[in-house]
There are 2 protein chains.
Amino acid sequence: MVRTVFEKADAIALVAEVFRELGYEGASMSEITARTKLSKGSLYHFFPGGKEEMAAEIMAHIDGWFVTEMFRPLEEEEPSVAISRMWETAEGYFRSGRRICLIGAFALDDTRDRFPSVIQGYFQRWIDALAGSLIKAGLRDGEAKALAEDAVIGIQGALTLARALCDDAIFDRTLTRLKLRMEAALK
Amino acid sequence: MVRTVFEKADAIALVAEVFRELGYEGASMSEITARTKLSKGSLYHFFPGGKEEMAAEIMAHIDGWFVTEMFRPLEEEEPSVAISRMWETAEGYFRSGRRICLIGAFALDDTRDRFPSVIQGYFQRWIDALAGSLIKAGLRDGEAKALAEDAVIGIQGALTLARALCDDAIFDRTLTRLKLRMEAALK
DNA sequence: TTTTTAATAGACCGATCGGTTTAGAAAGTC
DNA sequence: GACTTTCTAAACCGATCGGTCTATTAAAAA
């Protein structure tokens, strides 16, 4: 009998991709075991709480990644640096829209009601961090808020359309448009 | 024994709301019967093909509604009239983001692979009809295309964020911003 | 009225669901 | 080497899944 040993970090990353592709309800335990090669024994060893705990830990992991890679830089670094790094981070993370935003996808159906605070906190912090950076860069409060909202909305919408149209180009094109619009507002 | 008689049109509308709230995989037959009060007998009488046929008919119904209420007007009517009617139609249909776009939601997970052509066709026709109207209104080809894409993406993104933040205001605010931006481009 | 048809209610089916348990393999500890 | 701990594999569980079937009802057709 062959035995493969996994780290919990690997388990989180592997299971995350299954949720991303199938959604919370679509990701059955048998699909998760089939796609990740993690047995049920391993999965329930790492996540005694089952699917709900898996999803919670995955969301916490994603949120943590965005905090260090995007939100904290926006909150602490020089606006022009942090903002242009934000566009690069988004482009790299979502891979031309082939990789969706799991937290955004969970928001659309009743999965939202299982994790309302994580979902809300993730997007609120993104918008607030970006708006704060824009204010530091010299924009008025209202304009900064609108531009930040517009950027996050644009990214989420672009992910939906990239998948709907099976069009890799639309996501990068949208990111470029959003970036230019923001730079124009910053003069 | 109480017996309620339904029309197929009612069945489509009722089941559509369940899919909208729970997603394709989340909408189990027992949830559908519980929420719609349609028995399994009735459901399989109207939709012998089961869940897949329900979803297909619902999407066709939604697509047809958008064609008559939004796409055809954009293709045939005076641009300024059709475009401002588009914003009203979107505002009315999505109800401040409390009602999501089912076709957009299906695009995000592997439900897309069950209905790829309907999903792609719906968004492509929306973008094309809007871009065509903008060209008729005097915009250059590239600018019209970008603005149309931007509008549809903005609506989809705003739906995601309205639900994620549990914020009714953000959807209408985004629609207003998109509308003003388009009017500014049309001078 | 009688017959036929359209439609509903819900018991029922095998398959799959999320989750538990048991057995045992690898790795560390002494 | 003996013992303990950590982790994996897979059989197994009751519940629920999507879907079928039968009985019954109401209305249309005759």
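In what follows, every heavy atom counts, from backbone to side chain, and hydrogens, waters and symmetry copies are set aside.
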Exercise for review: Take the angle between the ring planes of B/Phe19 and B/Tyr24 and call it parallel below 30°, perpendicular above 60°, tilted in between.
Suggested key: parallel
Practice item. Determine, step by step, whether B/Leu175 and B/Phe94 satisfy the side-chain contact (heavy atoms from CB on, under 4.5 Å) criterion, reporting the C-alpha distance in whole Å, the side-chain angles of both residues, the deciding distance to 0.1 Å, and the verdict. Key: CA-CA 11 Å; B/Leu175 240 55; B/Phe94 295 115; over 6 Å; no
May I have the distance from [X] (atom [atom1]) to [N] (atom [atom2]), rounded to whole angstrom?
| X | N | atom1 | atom2 | result |
| --- | --- | --- | --- | --- |
| A/Glu53 | C/dT20 | CD | P | 11 Å |
| B/Met54 | D/dG18 | CE | P | 9 Å |
| B/Leu43 | D/dC21 | CG | P | 17 Å |
| B/Glu7 | D/dA27 | CD | P | 13 Å |
| A/Phe47 | C/dT20 | CZ | C1' | 18 Å |

Review point. Donor-acceptor pair, A/Thr36 side chain versus A/Leu38 backbone, under 3.5 Å?
Key: yes
Exercise for review: Please answer whether the main-chain N or O of B/Ala107 pairs with a side-chain N or O of B/Thr111 as donor and acceptor at a distance below 3.5 Å.
Suggested key: no
Point to revise | Residue-level proximity of residues 17-31 of chain B to DNA chain C when a heavy atom falls under 4.0 Å | key: none
Check your understanding: Is it true that the NZ or CZ of A/Arg99 lies under 6.0 Å from the centre of A/Tyr93's six-membered ring and within 45 degrees of the ring axis?
Key -> yes
Closest nucleotide among [options] to the [X] side chain:
| X | options | answer |
| --- | --- | --- |
| A/Tyr44 | D/dT20, D/dT8, C/dG19 | C/dG19 |
| A/Ser42 | C/dA6, D/dG18, D/dA9 | D/dA9 |
| B/Lys40 | C/dT8, C/dG18, D/dG18 | D/dG18 |

Review point. Base, sugar-phosphate, or nothing: which does A/Gly50 touch, judged by heavy atoms less than 4.0 Å apart?
Key: sugar-phosphate
Review point. In terms of side-chain heavy atoms, does A/Ser42 have a donor or acceptor partner in A/Ser39 at a distance below 3.5 Å?
Key: yes
Review point. Are OP1 or OP2 of D/dC7 and a side-chain N or O of A/His45 less than 4.0 angstrom apart?
Key: yes
